[in-house]
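Computed from a predicted model, the values in this text were never measured in an experiment. Throughout, a chain's letter reflects where its sequence line sits, starting with A, and its residues are numbered from 1.
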Number of protein chains: 2
Amino acid sequence: MDPNSSQRASVTVADVARKAGVSKATAARVLGGYGTVSDRVRDAVTVAARALDYRPNELARSMTTGRSGTIGVVVGDIENPFFSLAVRGITDIARQAGFTVILINSGEDVSAEKAAIRTLVAKRVDGLIVSPAKESDVEHLREAARSGRPLALLDRGSEAFEVDTVIADDRHAAAGITRQLIELGHRRIAYITACDTPDRVFHTPNDINTGSVRRRVEGFLDTCREAGLPAMERWVYMGAVTPEQTRQIAKRMLEGKNRPTAVIASDSVIGLEIFKTSRLIGLAIPQELSLISFHDADWTAVTSPPVTVVRQPVYQLGETAAKLLVERLNGNDTAPRKVVLRTEVVERASVARLLED
Amino acid sequence: MDPNSSQRASVTVADVARKAGVSKATAARVLGGYGTVSDRVRDAVTVAARALDYRPNELARSMTTGRSGTIGVVVGDIENPFFSLAVRGITDIARQAGFTVILINSGEDVSAEKAAIRTLVAKRVDGLIVSPAKESDVEHLREAARSGRPLALLDRGSEAFEVDTVIADDRHAAAGITRQLIELGHRRIAYITACDTPDRVFHTPNDINTGSVRRRVEGFLDTCREAGLPAMERWVYMGAVTPEQTRQIAKRMLEGKNRPTAVIASDSVIGLEIFKTSRLIGLAIPQELSLISFHDADWTAVTSPPVTVVRQPVYQLGETAAKLLVERLNGNDTAPRKVVLRTEVVERASVARLLED
DNA sequence: ATTATGTATGAGACCGGTCTCTTTTCGATT
DNA sequence: AATCGAAAAGAGACCGGTCTCATACATAAT
């Protein structure tokens with residue numbers, strides 16, 4: 001009833017204009033900060049706006065300008081420290097550039113990813129950063145890019161898809177630690193990942209959908225082959241999706257007769273489970289089992305022994321993806337760029353020379 | 001030039017209507033899924049939409065409906081595992097209820113929080129979930145709530161502000177572990193938190209802006225007082241904002257002559273630094289120093305010794321906040337609710353009876 | 001004094017949907 | 001065949017901004 005009840009029905013430029021005794025167009029010029037206005041009128045409008053507690057409607061603004069000031073981010077799982085750190089990098093840069101971030105988890109599921117992208121496009125995000133679940137299945141990404149919305153890929157690229165991409169030098173890192181393990185005398189080296197195949201058995205790297213992991217496995221296998229260790233395919237363990245599943249796989253793997261003497265964990269969540277399991281079944285690290293994990297998670301430094309890891313520049317991964325995207329948003333129209341960030345092996349104490357054979 | 005170039009200028013209902021040979025209103029009915037349409041027309045419109053690759057503009061839809069299908073989330077730092085897990089809970093419920101999430105980090109800074117909320121209101125989010133940096137400074141939240149947008153507070157409430165709130169029973173948890181330490185003979189018990197005061201010294205719980213931490217410190221002090229330990233205020237350490245600062249504080253604290261025999265860490269990031277520092281300066285846990293940390297972070301189970309923690313239902317905290325909000329969004333108009341979730345002490349091996357005194 | 005130049009303001013279309021109100025169509029009823 | 005009522009379709013206003021274009025007025029140039 002009371003028109004002053006401020007509640008309901010937000011205040012619009014028209015309301016402010018009426019109160020200030022000017023036209024809607026003029027009030028809009030002041031409020032929107034464009035065009036030319038006299039100081040007198042500017043003050044009048046500003047006062048009126050304050051009095052009415054005017055709040056601009058960004059939605060309406062986006063309608064005409066065509067820019068929403070929003071970027072959409074699709075990651076596998078924000079709960080994973082890898083992604084939460086990368087997202088931090090993205091949001092920092094985005095905020096700096098005046099954008100807000102809409103975040104959607106895909107759960108590493110392609111159909112969820114498709115739905116997420118549809119939603120984001122419907123909401124008219126200005127650009128997209130995606131960590132694609134399957135690098136072979138990118139038609140929806142291609143399409144989003146075709147719609148004129150800049151796109152940047154995070155941590156996982158696609159060879160067949162030319163678009164701004166930021167990844168770590170996973171192949172190189174995997175090759176390095178593999179070589180190191182071989183030089184220390186290891187021959188039975190396992191690689192364990194969350195990725196999975198329909199039949200749960202690894203045949204070739206092409207079975208692996210996640211780009212970063214595929215590159216690592218390639219590095220692992222190639223290095224083994226060069227060192228005269230063929231057919232290491234059977235040492236690639238898949239399906240470590242949840243901690244529970246990982247524990248089961250680890251148990252079967254480590255209790256077997258022909259158990260590996262070294263394990264490479266594809267991320268820190270898996271690394272943690274391997275560590276727990278080896279302790280559980282009484283396998284001493286590093287005397288009886290060497291362990292190297294990807295991702296320098298905080299806990300890896302405080303275990304006994306502390307674990308050797310491949311440190312990825314996760315925050316920078318996110319930051320860089322956001323920077324590339326913002327450049328596009330600012331009109332950069334050059335060819336797609338692939339940025340590869342360097343990793344670093346942090347030597348701790350979970351790796352040892354193999355004594356007997 | 002080529003009108004078929006699909007690129008630029010997105011396809012609108014009007015375009016679809018023209019192609020299908022019906023009015024804009026009718027096409028909108030089909031595309032928007034409302035009103036009544038004949039099967040024949042529905043098919044025609046659907047076919048036309050597909051042919052033109054029509055993508056609804058959610059922005060335009062939001063304009064008229066007044067609902068954006070978005071909820072705004074403001075947390076201290078998504079990089080902190082506590083928040084990333086809570087956010088996961090929020091996004092899961094939000095997605096289920098058909099909402100997307102706009103995420104903004106406040107960095108525990110009130111002015112950033114204010115800016116974030118202004119942005120979110122401008123973007124016309126349907127509701128807000130905020131983890132307020134200062135529970136004393138909530139005028140901006142109150143205002144956001146007054147604008148008719150439902151609001152739920154996460155992990156931190158405000159006594160003076162009646163609004164849906166989800167917290168853990170921090171006071172109870174702190175009292176419990178304090179009592180336990182006292183019973184084990186500890187008298188010099190330190191509490192260390194990231195919260196800070198201008199003069200970096202703790203005087204009274206009212207100095208603490210973060211609701212959850214204030215309640216814990218109150219529980220700590222009250223229990224000490226009841227047990228005949230007065231003036232424990234000097235054992236509250238503040239300003240452990242970054243790992244570096246925490247390390248410095250921990251060093252000074254643990255190397256002092258009159259060092260504490262037990263430490264309560266207010267979160268897992270701090271707990272990790274205490275653990276590292278005590279190892280660095282050669283203080284054996286638990287023989288020479290007992291440690292209890294809030295937040296059951298993954299690493300706490302794998303250290304030697306594993307550390308005793310207060311397990312908070314973090315995911316549920318986020319989930320519940322989102323549920324309360326969604327209920328409001330669906331029209332629930334009852335009095336504000338305060339939900340307190342129970343914590344649980346996970347006994348591990350970082351706490352021991354104090355031998356000599 | 002008259003015309004040119006530029007600045008300040010107003011009027012109204014527009015963005016892409018939704019929604020109300022009116023008109024047309026069609027099947028059922030008597 | 002005439003009448004009625006509901007279903008289907010159309011016309012056009014509306015949401016809250018931006019933006020183009022026209023107009024009014026002031027100042028400067030001739």
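Side-chain proximity of T64(B) to dG17(C), dG17(D), dC19(C): nearest is dG17(C). You'll find that the side chain of T12(A) is closest to dG16(D), out of dG10(C), dG16(D), dG17(C). When distances run from any side-chain atom of V37(B) to the nucleotides dG16(D), dA9(D), dG10(C), the shortest one goes to dA9(D). Proximity note for M63(A) (side chain, C-beta onward) versus dG16(D), dT18(D), dC14(D): the nearest is dG16(D). The T65(B) side chain lies nearest to dT18(C) when the options are dG17(D), dG17(C), dT18(C).
Axis deviation across the helix from dA1(C)-dT30(D) to dT30(C)-dA1(D) amounts to 50°, comparing end segments of five pairs, rounded to 10 degrees.
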Taking it one step at a time, do L341(B) and L317(B) satisfy side chain to side chain contact (heavy atoms under 4.5 Å, CB included)?
CA-CA 7 Å; L341(B) 298 183; L317(B) 232 44; 3.4 Å; yes
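Contact check, Y34(A) against dT20(D): no side-chain N or O comes under 4.0 Å of OP1 or OP2.
Nearest-nucleotide mapping onto DNA chain C: of A60(B) and A25(B), the residue sitting toward the 5' end is A60(B). Residue-to-nucleotide proximity on DNA chain D shows that, of R124(B) and T36(B), the 5′-proximal contact is made by T36(B).
Among residues two or more places apart in sequence or in another chain, the salt bridge (charged side-chain N to carboxylate O under 4.0 Å, His left out) test is passed with D53(B) by R55(B). Scored by the salt bridge (charged side-chain N to carboxylate O under 4.0 Å, His left out) test, R95(B) finds no partners at all (sequence neighbours excluded).
Side-chain atoms of K24(B) and base atoms of dG12(D) include no donor and acceptor less than 3.5 Å apart. Remark: the R29(B) side chain and the dG17(C) base include no donor-acceptor N/O pair separated by less than 3.5 Å.
Side chain of N332(B) to main chain of E327(B): no donor-acceptor pair is present (N/O by atom type, distance under 3.5 Å, no hydrogens or angles).
Under the 6.0 Å distance and 45° angle rule, R88(A) does not count as a cation-pi partner of Y315(A).
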